[in-house]
Number of protein chains: 2
Amino acid sequence: MARTTGSDGEKTEAAVREAAVSLIARLGYEAMSMRQLASEVGVQAAALYRYFPTKEDLLFMLMREHMEGLTAAWTAARPATADPAARLAAYVRNHIAFHIERRHATHVSNMELRSLSHERLTQILRLRTAYEKELRAILRDGVETGAFDIDDTGLTAMALIQMMTGVIVWFRPGERLSIAEVTASYLSMTMRLVGARIDTGTYNAARPFGRAKDAVAL
Amino acid sequence: MARTTGSDGEKTEAAVREAAVSLIARLGYEAMSMRQLASEVGVQAAALYRYFPTKEDLLFMLMREHMEGLTAAWTAARPATADPAARLAAYVRNHIAFHIERRHATHVSNMELRSLSHERLTQILRLRTAYEKELRAILRDGVETGAFDIDDTGLTAMALIQMMTGVIVWFRPGERLSIAEVTASYLSMTMRLVGARIDTGTYNAARPFGRAKDAVAL
DNA sequence: CAAATAATAAAACAAACGTTCAATTAATTC
DNA sequence: GAATTAATTGAACGTTTGTTTTATTATTTG
């Protein structure tokens, strides 16, 4: 056999991407073989090389698209206001929503960095640093305007990001807590953590420090 | 050649353990070959099998010892007091100190779980859950006594652990911040996060919510 | 309907993998 | 100092790995 009836390059490529994210998240990049990936898509291993030059290229493309997607999502969600509390709230909401939606891809981007060549690792880390820089800027502005009370903005930014991204480790949609509840809780924890003054925050006018239990109503 | 002069089983085994933690942390378990590990120790690959039946056995032993070490450290550091704030402070201090000291081993225990068999994965997760349960109990007690103000103790415990463990991702001893400063900052962030009432906390009587900048004096 | 192109299969490659085995030498015991 | 035990080497095993090449068939184009 050779070309199969109904075969379509675009569909196959999309299927490979999807299967790769899922397989790498589950088994790890090194543990996933090209034959395994091909079989998941219903194709022979050699067919993969029509779409991706090497296994590492595949990994890199997945990671780059994920990081670019994250940046793009934040660019779209970033509010116009200068108010630090409102901007921080938007950052938290966007971060949590994005990562919960793409658990597998986040896993890949966070865990498989060591499988990239030096050059490509640098490229991904550049994207990541740029995204994190946005949070540091918000925190710094908040300290300057007196909206936040923070020891060290760099340390606090890293602590917040680790805390927020960590949601994908334990959270499973459809279990005890809803996405809205989880988001509300992380928002509340974040605001407390940065020492936000209640009256400063217009991030949730109705119930600035409301409990997550009420979040379903939001 | 065969047995080499000055060879000693105990020393070789210790060297293998140490090299394995470092190599797995750097390359990943799947990416590290037994020949690579052996070469790091200055021995042939076959010699490794005198100490560890299989590669997976080696990984499992490293992980189990790490988790048991963490539990043991907490058992030794756990204070006698019933005061939730003091207990939480002790938990944070122990967690951060332990993880900063063993960055590589923590990386291994957190990132290579998927390489364990189902049975062994369960065993490691049991240890982990037991350790996390201690934190949940502290938070629950704090809520009951009114020392803390928390939405959801389960969610908050996970958020705290992710935040604290995340310190190994960005922190490097000897750079901008000292261990004491980092610990003080995380302690302060934790207390705010759980809504600790200032007067409740005897966790640091002199300067309950002191800034990390002063922490060097502690 | 023929020619060109796109998409795949099948087979093969050398290299690397975890692991085993027999042989060999160092250290220890009696 | 001979016998025993401990520690290691070197070679080999069968698999699996990522990747390349060639042939073959489906689809599209003119």
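Reminder, nothing fancy here: chain letters follow the sequence lines and each chain counts from 1.
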For DNA chain D, which residues of residues 17-30 of chain A approach it to below 4.0 angstrom with any heavy atom?
none
Report the residues that fulfil side-chain hydrogen bond (donor to acceptor under 3.5 Å, both in side chains) with B:Asp141, sequence neighbours left out, ordered by chain and then residue number.
B:Arg87
Separation of C:dG18 atom C1' from B:Asp57 atom CG, nearest Å, is 13 Å
Please list all pairs passing the ring pair (Phe, Tyr, Trp, His ring centres under 6.0 Å) test where one or both residues lie in residues 59-81 of chain A, with sequence neighbours left out.
A:His66-A:Phe98, A:Trp74-A:Tyr91
Just to be sure I understand the rule, does B:Tyr51 reach a base, reach only the sugar-phosphate, or reach nothing, if contact means heavy atoms closer than 4.0 Å?
sugar-phosphate
Does A:Met111 have any side-chain contact (heavy atoms from CB on, under 4.5 Å) partners at least two apart in sequence or in another chain, and if so, which?
A:His107, B:Met111, B:Arg114
Can you list everything that forms a side-chain hydrogen bond (donor to acceptor under 3.5 Å, both in side chains) with A:Arg176? Sequence neighbours excluded, please.
B:Asp152
What residue pairs, at least two apart or across chains, pass salt bridge (Lys or Arg N to Asp or Glu O under 4.0 Å) with a residue in residues 43-59 of chain B?
B:Glu56-B:Arg120, B:Asp57-B:Arg120
Between D:dA7 (C1') and B:Arg3 (CZ): distance, integer Å:
5 Å
Tabulate protein N/O versus nucleotide N/O from nucleotides 19-22 of chain D, keeping only pairs under 3.5 Å, one per line.
residue, atom, partner, partner atom, Å
D:dT19, OP2, A:Tyr49, OH, 2.7
D:dT19, OP2, A:Lys55, N, 2.8
D:dT19, O5', A:Tyr49, OH, 3.4
D:dT19, O4, A:Arg35, NH2, 3.4

Just the rounded figure in Å: distance from C1' of C:dG18 to CE of B:Met32.
11 Å
Rounded to the nearest angstrom, tell me the gap between atom CG in B:Leu48 and atom C1' in C:dC17.
14 Å
side-chain contact (heavy atoms from CB on, under 4.5 Å) with B:Val16: of B:Val21, B:Leu37, B:Val43, only one passes, and it is B:Leu37
Could you give the side-chain donor-acceptor pairs of residues 159-175 of chain B under 3.5 Å, partners two or more places apart or in another chain?
residue, atom, partner, partner atom, Å
B:Thr165, OG1, B:His95, NE2, 2.8
B:Thr165, OG1, B:Ile161, O, 2.9
B:Trp170, NE1, B:Tyr186, OH, 3.2
B:Arg172, NH1, B:Ile168, O, 3.4

The side-chain hydrogen bond (donor to acceptor under 3.5 Å, both in side chains) partners of B:Glu132 (sequence neighbours excluded) come to none
Closer than 4.0 Å, any side-chain N/O of B:Thr4 to the OP1 or OP2 of C:dT25?
no
With DNA chain D as reference, determine whether B:Gln44 or A:Ser33 sits nearer its 5' end, using the nearest nucleotide of each.
B:Gln44
Verify the contact: side-chain N or O of A:Arg50 to OP1 or OP2 of C:dA7, cut-off strictly under 4.0 Å; return yes or no.
yes
Protein-nucleotides 28-30 of chain C N/O pairs closer than 3.5 Å?
none

Could you tell me the separation between the CD atom of B:Glu13 and the P atom of D:dA6, rounded to a whole number of Å?
14 Å
Heavy-atom nearest pair, A:Asn110 first then A:Leu113, reads O-CD1, 4.1 Å
Under the salt bridge (charged side-chain N to carboxylate O under 4.0 Å, His left out) rule, collect the residues that match up with B:Arg78, sequence neighbours excluded.
B:Glu134
side-chain contact (heavy atoms from CB on, under 4.5 Å) involving B:Gln44 - partner list, sequence neighbours excluded:
none
